[in-house]
Amino acid sequence: MTFRLKPAVLKMAAAAWLLGATSAMAADTTLEFTQWWEPELPAGSLRAIMNDFEAANPGIKVTLVSGPYATTRDQISVGAATGTLSDVVGLDGAWVNNLNAQGALADMNPLMDASKFDKAQVADIIKVDGKAVMFPVASFVYPVFVNLDLAAQAGVTKLPSTRAEFLDAAKKMTHADKNQYGWVLPLSLQSPGGVQNDLMSWVWASGQSMMANGKPDLEGKPVVDMLTFVKSLNDAGTISPGIATKTEQEKVEEFVNNRVGMMIDSLAHVNLIRKRNPNLKFDLIPVPVVDNYTGKRGLPYASWGIGISASSKHQEEAWKLVQYLMSEKVNAKLVSLANAFPGNVNAKPDFVTSDKAFGKAFEIFKTGYLANEFTGLPVAEDLMTQFDVQAQKMLAGEQTPEAAAAAAQKGWMAKF
Amino acid sequence: MTRQKRSHHKLKRAVAPYLYLSPSLIIIGLLMLLPMATVIAYSFQNSAVLRRDPSFAGLKHYQAIFADPVFWASLWHTLYFTCMSVVFHMTIGMVFALMLNSDRINPILRNVLRVLYILPWLFTAVIIAVIWRLLLEPNGVVNSILMQLGIIGSKVEWFSSPQTALHAVTFANIWAGYPLFMVSLLAGLQGIPKDFYEAADIDGAKAYQKLFFITIPQLMPIIISISLLDFIWTMQVFPLIWITTGGGPIYSTEVLSTYTYKLAFSSYNLSQASASAVVILLISLGLTLFYIRYQRAR
């Protein structure tokens, strides 16, 4: 009897194996998604969005590979070099040029065309060498924060809209004897982001550019004028001391502690500022522009970008995930969780109606355009460091704005 | 015993020590030699790490860093930072060790001082950097005290001024590092036989003569050993400088470690960063060989 049962058992086992194998083959494609967003979002919220995606796309599973920003950056650099980059990757605009040079990022143009994706719905598409390599999913804009109490005490009734008005307001708010200054400028070399957020933002705000024909144009009027303006603020003693080693975190601390009247900062810090000093009264204004400028204002921003690995074997599935995150409703949900502005122009995050400050910032966002020319540039952080050093020299009185711009231009050209 | 058995036995005896050492040798090989060899190899490649097929670059990256004035400034700053740190670590460590070893100080006070003096050693580099950033910021405690005492007329930007930044970070490092000398020298002082001092007293020697003719010569092996080790360690200090100044303002506190870090993680030039790391390795290796020779000579 045992003898007779054996072939039957074997047949059943083989059938079960075959069934299992074929169903496994037909079923799940697992996408790996590396990003630094999950630790910065409320616990479990990104996973919940992925679960919704999996439910909407049967047969596709998403594995989140999450870590802090710096770790993710290193992981992506190594993954790009070794060809082990995850299918979908969270990107910072400053990385994309290098990753593209390594051939690590897929061109999303063919994927967009194949799926008839409406390009008009996205706020921006980052292109390098004609290849669409990144979408900003969520944007953290940088308006000017004004301490309303200090402004009122200084007799500043109209918040500045032009550079001249800003200089005037900064002078009025400065009382060095009381450790109180009009503006704060963080130019630490440890983290040279101050160059894009606190210096170049003045250029972009007026619809100007630091580039010309795809090359640096630092000796052009916009950048030299910006440096001259910043020098005039420094010469007037309106900038809080310690510029050369000040970090963004210290900038926020000084604002929170009523030591500076105005700062350019990320909207992402609104809740932090309220938590650190619940009594602080502040308002948000766009970065002031050059006199008589009436055009659209460029709004400096940092973003959570997204791209697809060129070595991914599941690019179609990966594109589905990118499309999903860029869709109106999902994008609104994600940016609401992150307190950021949407990558989909039709998405409206819920906090803009429930919070006055965010509502005002959203208006600034809607009337302007996102501007960050460092996105997509080669070794963006190195370019910022070089510019930072020249700006420091200028502020230390070692060179003129023109000389600073010329020296930075020379350094940048070597990198291009 | 046959000849074959004898030779087999001989072989076993010869191999046995290496088998005992093999776990350590494997760990050293994997954790030390392999990474070092990899970095050396990267320094001779174009686009190391970033390309799957890096080409051979010869000495190009070494030539590039030697042609960079910032590298030479970094080397000079490293030497200044290291030499000043070692000299002051030694001097302060010696003074405090003598104080803690002196019978003239009340034992209770001595124990309190012992705890206080060793405190800087208990802090990590990041904590030390944050403490000194807060103390030396333009609106910080140090400026406030100095202004009240009339020593300075206006706020000094200790870390933000190119004139003072290197001295300020060196000062912070001196503060952080003297306890190593203090503890080592205190142990050495307690090992000097009392007879020497009694004989010197009988001969009518003065305090400074006892210091220069008994104490310091007796401590010399410790002083040289610790100085060499301190020199090697201080040369590689990174977090303190990175957190306080980031190598600025205007490269005024750029040292070899921050210079290498920026090449690697700001410029993504991992080949040049490897070349710079190899230069640091060679300098450290020279000092280490000097240290080993000194230890052997003893």
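Just so we're clear, the structure is a prediction, and the values are computed from it rather than from any experiment. Below, chain A is the first sequence line, B the second, and so on; all start at residue 1.
The 12-atom threshold is exceeded at NZ of A/Lys131, counting heavy atoms of other residues, nucleotides or ligands nearer than 6.0 Å. The number of heavy-atom neighbours closer than 6.0 Å to OH of B/Tyr62, taken from other residues, nucleotides and ligands shown, is above 12. Within a 6.0 Å sphere centred on CD of A/Glu398, other residues, nucleotides and ligands contribute more than 12 heavy atoms.
Chain B forms the most heavy-atom pairs under 4.5 Å with one residue out of A/Ala396, A/Ser188, A/Gly83, and that residue is A/Gly83. In terms of heavy-atom pairs under 4.5 angstrom with chain B, the leader among A/Leu99, A/Val379, A/Asp388 is A/Val379. When each of A/Ala391, A/Pro192, A/Ala101 is checked for heavy-atom pairs under 4.5 Å with chain B, A/Ala101 comes out on top.
Contact of B/Thr244 with chain A is made through the backbone alone, with heavy-atom distances under 4.5 Å.
Annotation: side chain of A/Gln190 is not in contact with side chain of B/Thr245 (no heavy-atom distance under 4.5 Å). Between B/Asn139 and A/Arg259, the closest side-chain pair of non-hydrogen atoms falls below 4.5 Å. For the pair B/Tyr268/A/Glu381, no side-chain contact is recorded, criterion being any heavy-atom separation below 4.5 Å from C-beta on.
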A/Glu250 and B/Arg133: salt bridge (Lys or Arg N to Asp or Glu O under 4.0 Å), yes or no, with the steps? CA-CA 11 Å; A/Glu250 289 169 319; B/Arg133 269 196 81 120; 2.5 Å; yes

Verdict with supporting geometry, B/Ser160 and A/Thr245, side chain to side chain donor-acceptor pair (under 3.5 Å): CA-CA 5 Å; B/Ser160 299; A/Thr245 50; 2.6 Å; yes

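A donor-acceptor pair under 3.5 Å is formed between the side chain of B/Glu157 and the backbone N or O of A/Gly242.
Scanning all heavy atoms of the two residues, the minimum distance from B/Pro249 to A/Gln392 falls at CA-OE1, 3.1 Å. Closest non-hydrogen pair, A/Leu189 versus B/Ile250, comes out as CD1-N, 4.4 Å. Considering all non-hydrogen atoms of both residues, B/Lys155 and A/Ala176 come closest at NZ-O, 3.8 Å. B/Ser266 and A/Thr385 make their closest contact through OG-OG1, 3.6 Å (heavy atoms, listed as atom of the first residue, atom of the second, distance).
Atom-to-atom distance recorded for A/Ile243:CD1 and B/Ser161:OG is 12.0 Å, nearest 0.5 angstrom.
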